Amino acid sequence: MNVPEGWKHAPIKHLCESIVDCVNKTAPVVDYITPYKMIRTTNVRYGKVDTDNVRYVEEEIYKNWIRRGAPRKGDLIFTREAPVGEAGILNNDDSVFLGQRTMMYRADPGKSSNLFLFYSLQTRFCQKQIEDFSNGGTVAHMRVPDCGEIIIRVPPLPEQKKIVRILSTWDRAIEVAERLLNNSQQQKKALMQQLLTGKKRLPGFGGEWEDAPIKSMGKIVSGGTPDTNINEYWDGNVLWMTPTDVTALKNRYISNTKRKITQLGVKNSSATLMPKGSLLVCTRATIGLMSISTTEITTNQGFKNVVPNNRYDVDFLYYLFNFFKNKFVSYACGSTFLELSKKDFEKLRFSCPPTDEQQKIASVLSAADKEIEILEQKLGCLRQEKKALMQQLLTGKRRVVP
């Protein structure tokens, strides 16, 4: 627990002018909007406090629930259960109050700042303490007294302020990247709404779209699972896709699977080897998730798959089915888990333009996806670089000149 020269260790309570706990019972909410907003643990995520998606109370309840102290703009909000250890800076204090299992820290400006405490609580040094404090119960939670005992590495105040300025600059860059990403995602949604419904036609295209069932779009193939008790059917070189594989994908293509089967396993089961460019649609549990194969592949029985004929573009079908995913869900049934039968899958109908227009629409949406992917990568790099910088600045491994 060594610290650089001039630094010290201090419990967070010694750096605060006040620490306020919530009222430890559920506030009676109303089902209409009032000026009085409750901050729940679900409102504290990713370093921010969401004061838009809240629950509302009447004025009398609000006054009763702030009797220990009303949150102010800039205060640090902390969750001590469900989950433990999330923190965020409050940027809107307009009639908000603490819901259950939340805490509020307000730094003593002569010793620290809310932002410095906020950054410190995100370090592995503090997160490890939070984990230790919250272990031992059926549900992980921190006791109120322990919330004041978290040890902070504390440099002199001028150095704290310099660290905060540096990390705040990174936060602003991350916020810009987040806005750009969100804008691109919204623009893609608008494009899908326009292009996949025929409301907007691309230049050079006209005429009516054709309404057709999925069974007319290509060969429909169900999946299967080889006998798991026969070793010769497993650990071969044939890709075998499960819903777990599709949920882990970062884009629309799949080129590998966690488990593989042998040619003997394919021959002796209902698993069917499908060609590159097949559309694999999950029809059990996580209904509507899908991907496009980049090589030959099989799936388990949780999929209904389309090997498109020459009148349908697989990328277009991917975007089309994704946009109308609710249609797949609406036809599913089952008591243990929802499942869409092959019969119901095949008869689902969609309106599609001619093949050349399908391909053009798919290329436009692919370009939108590429832009989103680049922005996601940029955002991920900024977050990683900030995390590395925090590790250096908040441990004193890298000193700054105030």
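Counting from 1, the numbers follow the sequence of the chain as shown. Every value quoted in this text rests on a predicted model; they were computed, and no experiment measured them.
- A donor-acceptor contact shorter than 3.5 Å links the side chain of Asn322 to the backbone of Tyr318.
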Could you walk me through whether Thr299 and Asn305 satisfy the side chain to side chain donor-acceptor pair (under 3.5 Å) test, starting with their C-alpha distance in whole Å, then the side-chain angles of each, then the deciding distance to 0.1 Å, before giving a yes or no?
CA-CA 9 Å; Thr299 71; Asn305 310 301; 3.1 Å; yes
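- Looking at Asp245, its side chain does come within 3.5 Å of a backbone N or O of Thr242 through a donor-acceptor pair.
- Contact check on Lys360 versus Asp356 returns no salt bridge, with no Lys/Arg side-chain nitrogen under 4.0 Å from an Asp/Glu carboxylate oxygen.
- Judged by distance alone, the side chain of Ser278 and the main-chain N or O of Met274 form no donor-acceptor pair under 3.5 Å.
- Salt-bridge formation is not detected for the pair Arg72/Asp75: no Lys NZ or Arg NE/NH1/NH2 atom is positioned less than 4.0 Å from an Asp or Glu carboxylate oxygen.
- A distance below 6.0 Å separates the ring centres of His9 and Phe125.
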Show, in sequence, the C-alpha distance, side-chain angles and deciding distance for Glu86 and Lys48, and conclude whether the salt bridge (Lys or Arg N to Asp or Glu O under 4.0 Å) test is met.
CA-CA 9 Å; Glu86 291 282 350; Lys48 296 180 175 63; over 6 Å; no
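- Across every non-hydrogen atom of Trp65 and Leu98, the tightest pair is CD1-O, 3.8 Å.
- By the 4.5 Å heavy-atom criterion applied to side chains, Lys162 and Pro158 are not counted as neighbours.
- Residues passing the salt bridge (Lys or Arg N to Asp or Glu O under 4.0 Å) test with Arg259, sequence neighbours excluded: none.
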Test salt bridge (Lys or Arg N to Asp or Glu O under 4.0 Å) on Glu159 and Arg399; report intermediate values, then the result.
CA-CA 8 Å; Glu159 192 169 352; Arg399 302 297 295 271; 2.8 Å; yes
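- For the pair Lys327 and Phe321, the cation-pi criterion (under 6.0 Å, within 45° of the ring axis) is not fulfilled.
- A salt bridge links Glu149 to Lys13: at least one charged side-chain nitrogen sits closer than 4.0 Å to a carboxylate oxygen.
- Annotation for Ile254 and Ser291: closest pair CG2-OG, 3.4 Å, computed over non-hydrogen atoms.
- The shortest distance between side-chain heavy atoms of Leu279 and Val281 falls below 4.5 Å.
- The pair Lys188-Glu371 does not count as a salt bridge, with every side-chain nitrogen at least 4.0 angstrom from each carboxylate oxygen.
- Heavy atoms of other residues, nucleotides or ligands lying less than 6.0 angstrom from CD of Gln186 number more than 12.
- Under 4.0 Å is where a charged nitrogen must lie from a carboxylate oxygen, and between Arg45 and Asp50 no such pair does.
- Salt bridge annotation for Lys63-Glu58: absent, with no cationic side-chain nitrogen under 4.0 angstrom from a carboxylate oxygen.
- Taking 4.5 Å as the limit, some side-chain heavy atom of Pro353 sits within range of a side-chain heavy atom of Ile361.
- The side-chain heavy atoms of Val164 and Ser113, taken from C-beta on, include a pair separated by under 4.5 Å.
- Side-chain N/O atoms of Asp313 and Tyr319 include no donor and acceptor closer than 3.5 Å.
- For Ala271 against Ile261, the heavy-atom pair with the smallest separation is CB-CD1, 4.3 Å.
- A 6.0 Å sphere centred on CZ of Arg284 holds more than 12 heavy atoms belonging to other residues, nucleotides or ligands.
- A donor-acceptor pair under 3.5 Å is formed between the side chain of Arg68 and the backbone N or O of Cys22.
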Could you please spell out the steps behind the side chain to side chain donor-acceptor pair (under 3.5 Å) verdict for Arg252 and Ser366?
CA-CA 10 Å; Arg252 65 184 182 278; Ser366 294; 2.7 Å; yes
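- Between the side chains of Gln100 and Thr26, a donor-acceptor pair is found at a separation under 3.5 Å.
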Salt bridge (Lys or Arg N to Asp or Glu O under 4.0 Å) between Arg349 and Asp211, intermediate numbers included
CA-CA 6 Å; Arg349 304 182 71 89; Asp211 184 66; 2.7 Å; yes
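- Heavy-atom neighbours of Tyr331 OH from other residues, nucleotides or ligands within 6.0 Å: at or below the threshold of 12.
- Heavy atoms from other residues, nucleotides or ligands lying under 6.0 Å from NZ of Lys73 number 12 at most.
- In the model, Ser112 has a side-chain atom that pairs as donor or acceptor with a side-chain atom of Gln160 under 3.5 Å.
- Using a 4.5 Å heavy-atom cutoff, the side chains of Ser18 and Tyr105 are not in contact.
- Remark: the backbone N or O of Arg179 is paired with a side-chain donor or acceptor of Asn183 at under 3.5 angstrom.
- Side-chain atoms of Asn114 and Tyr119 include no donor-acceptor pair closer than 3.5 Å.
- Between the side chain of Asp146 and the backbone N or O of Met142, no donor-acceptor pair lies under 3.5 Å.
- Between Glu373 and Lys378, none of the side-chain N atoms (NZ, or NE/NH1/NH2) sits under 4.0 Å from a carboxylate O, so this pair counts as no salt bridge.
- Residues Lys347 and Asp344 form a side-chain contact, since some pair of their non-hydrogen atoms from C-beta on lies under 4.5 Å apart.
- In this structure, the side chain of Thr257 engages the main chain of Trp240 through a donor-acceptor pair within 3.5 Å.
- Side chains of Leu280 and Val246 form no contact here, defined as non-hydrogen atoms less than 4.5 Å apart.
- Taking 4.5 Å as the limit, some side-chain heavy atom of Val238 sits within range of a side-chain heavy atom of Leu273.
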Hey, mind stepping through Arg311 and Glu210 against salt bridge (Lys or Arg N to Asp or Glu O under 4.0 Å) and telling me if it holds?
CA-CA 11 Å; Arg311 294 176 58 235; Glu210 179 186 355; 2.7 Å; yes
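- Of all heavy-atom pairs between Cys147 and Ile12, the closest is O-CG2, 3.3 Å.
- For the residue pair Ser222/Gln301, the side-chain donor-acceptor check at 3.5 Å is not satisfied.
- Using a cut-off of 4.0 Å between Lys/Arg side-chain N and Asp/Glu carboxylate O, Asp235 and Lys260 are scored as not salt-bridged.
- For the residue pair Ser168 and Arg165, no side-chain donor N or O sits within less than 3.5 Å of a side-chain acceptor on the partner.
- In this structure, Trp209 and Phe316 have perpendicular ring planes: the angle between them is above 60°, well past the 30° mark.
- Across every non-hydrogen atom of Trp7 and Pro155, the tightest pair is CE2-CB, 3.2 Å.
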